[in-house]
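Shown next, in structure tokens, is the structure this report addresses.
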Amino acid sequence: MFRIIFFGTSDFAAPHLDALIRDPSFQVIAVVTQADKPVGRHAELKPPPVKLLAQRFGITVFQPQKIAELKDDARFQNLLNPRPDVGVIVSYGKILPQWILDLPAFGIVNVHASLLPRWRGASPIQAAIAAGDRKTGVTVMKIDAEMDHGPLLATEEEIMRPEDTAGALSMRLARRGAALLPKTLAEYLNKKILPTEQNHAKAIYCKILTRDDGKIDWNRTSSEIERLVRAYDPWPGTWMELGDKRLKILKARIRPNDAAFKAGTRFLWKGRPSVKCGQGTVIELETVQPEGKIPMSGEAFTRGYQNWISLKEKLESEMV
RNA sequence: CGCGGGAUAGAGCAGUUGGCAGCUCGCCAGGCCCAUAACCUGGAGGUCGCCGGUUCGAGUCCGGCUCCCGCAA
């Protein structure tokens with residue numbers, strides 16, 4: 001039985017930990033996860049999904065603010081004897097220092113939510129949707145000093161669906177990864193597969209997202225914007241400014257290029273809120289959420305917010 | 001007690017210095033057109049979130065409560 005130390009935090013990580021726990025070839029000796037974080041309007045502390053899962057199975061959990069704290073943690077150091085066979089890291093949220101990578105005999109194995117070397121970085125699922133990729137997948141690889149740069153152990157493809165949001169796709173990829181990980185790990189530890197170098201020339205990177213990334217640039221085409229709305233659902237979300245408030249855009253639909261306004265112009269298309277985008281394209285806002293309000297259909301929104309169209313733009317829209 | 005917005009007809013909203021409860025859409029009935037997100041006429045539909053206070057009179061002012069949401073982390 002192989003002794004595993006698991007690093008992970010999110011909902012994406014949890015199914016992977018679950019798969020390892022249930023596999024009799026492995027023993028998860030410790031789980032390292034992020035500290036409980038304040039969440040919601042009243043900033044209550046919420047434990048991460050991986051912690052809840054580990055506790056349910058009685059596995060020792062570590063939540064260091066900094067990894068370095070583990071060096072001085074007697075409880076942690078005791079678990080290292082005998083030496084763990086391998087470490088697994090899945091969306092942990094922090095970079096592991098070299099001394100951790102050197103800890104287990106077989107190093108640290110990572111599950112990444114893309115087909116590496118495409119979409120190295122922190123937001124591979126969002127990047128794949130935003131880019132309009134037709135397929136994506138999960139990659140099992142060995143961690144090295146550079147981000148998502150280590151040699152590959154296995155990959156599994158997943159076909160993208162036209163309605164895919166990051167939330168939905170992430171769940172499917174987590175299931176894929178959770179199925180692939182124990183199998184691959186066993187083969188690797190039994191030396192049935194060897195890590196193979198990535199094709200570094202083909203590497204493409206994606207960045208860490210912030211809420212500001214969700215601000216819509218109307219100069220982009222309606223296809224790009226529609227993909228962005230799905231890519232950033234449920235986080236960080238897409239939005240536009242409307243007066244001094246924000247309007248969240250929860251669902252959008254591409255419309256025929258039939259309006260002669262400049263990019264960013266708001267108008268009505270059969271009573272539905274629409275915006276002119278780049279290169280003559282048009283997008284309809286199907287579901288929106290004004291600040292301080294619940295989500296609503298575009299039609300309902302324009303019924304109440306009758307200044308959706310400004311005066312000048314209204315004249316233009318009546319001419320079309 | 002992190003900052004802030006909100007609750008009024010089935011939906012989305014307006015409601016001024018307190019003085020008859022409104023708009024757009026939907027719904028029902030009738031009419032009209034080759035046709036339309038149609039259009040015209042009429043109609044139904046409200047305990048203005050809850051409790052208390054001020055007042056001749058409160059959707060509106062004051063106090064408390066419940067619920068929903070945006071931001072931040």
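Chain letters run A, B, ... following the sequence lines, proteins first and then strands; every chain starts at 1.
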TODO: Please state the P separation for the pair B:C56 and B:C23 - nearest whole angstrom.
DONE: 32 Å
Task: Heavy-atom closest contact (A:Asp148 atom, A:His112 atom, distance) - done: OD2-CE1, 3.2 Å
Task: Any-strand Watson-Crick or G-U partner of B:A29, both distances under 3.5 Å - done: B:U41
- [ ] Both distances under 3.5 Å, Watson-Crick or G-U wobble: report the partner of B:C61, or none.
- [x] B:G53
N/O contacts under 3.5 Å, protein versus nucleotides 64-68 of chain B?
none

Please list, for nucleotides 22-25 of chain B, all pairs of protein and nucleotide N/O atoms separated by less than 3.5 Å.
residue	atom	partner	partner atom	Å
B:C25	O2'	A:Arg303	NE	3.4

TODO: For A:Asp36 and B:A73, give me the distance from atom CG to atom C1', rounded to whole Å.
DONE: 14 Å
TODO: Could you check how far CD of A:Glu44 sits from P of B:A73, rounded to whole Å?
DONE: 18 Å
Open item on the list: Does A:Gly40 reach a base, just sugar-phosphate, or nothing at all? Heavy atoms under 4.0 Å.
Closed with: base
Task: Integer angstrom distance from the C1' of B:C51 to that of B:A7 - done: 16 Å
TODO: Tell me, with the steps shown, if A:Leu242 and A:Trp308 meet side-chain contact (heavy atoms from CB on, under 4.5 Å).
DONE: CA-CA 8 Å; A:Leu242 202 57; A:Trp308 169 252; 4.2 Å; yes
Task: A:Asp244 CG to B:C71 C1', straight-line distance once rounded to whole Å - done: 13 Å
TODO: Could you tell me whether A:Arg272 contacts a base, only the sugar-phosphate backbone, or nothing, with contacts defined as non-hydrogen atoms closer than 4.0 Å?
DONE: nothing
Task: Span that lies between the C1' atom of B:C50 and that of B:G10, in whole angstrom - done: 22 Å
TODO: Scan A:Lys37 against the nucleic acid and name what it touches under 4.0 Å (heavy atoms): base, sugar-phosphate only, or nothing.
DONE: nothing
TODO: Write down the distance separating the P atoms in B:C27 and B:A38, rounded off to the nearest Å.
DONE: 9 Å
Task: Same-atom distance (C1') from B:G12 to B:C68, integer angstrom - done: 16 Å
Open item on the list: A:Thr184 and side chain to side chain contact (heavy atoms under 4.5 Å, CB included): which single residue from A:Val111, A:Thr139, A:Ile193, A:Val109 fits?
Closed with: A:Ile193
TODO: Could you measure between the two P atoms, the one in B:C25 and the one in B:U41, and give it in whole Å?
DONE: 12 Å
Open item on the list: For A:Asp23 and A:Ser25, which I'm curious about, is there any donor-acceptor pair between the side chains at under 3.5 Å?
Closed with: yes
TODO: Give a yes/no on whether any side-chain N or O of A:Arg41 is located under 4.0 angstrom from OP1 or OP2 of B:G70.
DONE: yes
TODO: For nucleotides B:G63 and B:U24, find the distance between their C1' atoms and express it as a whole number of Å.
DONE: 36 Å
Open item on the list: Once you apply a heavy-atom cut-off of 4.0 Å, does A:Glu299 come out as touching a base, just sugar-phosphate, or nothing?
Closed with: nothing
Open item on the list: Give me the distance, rounded to whole Å, that separates B:A58 from B:G2 when you measure between the P atoms they each carry.
Closed with: 36 Å
Task: Pairing nucleotide - B:C3, Watson-Crick or G-U, each distance under 3.5 Å - done: B:G70
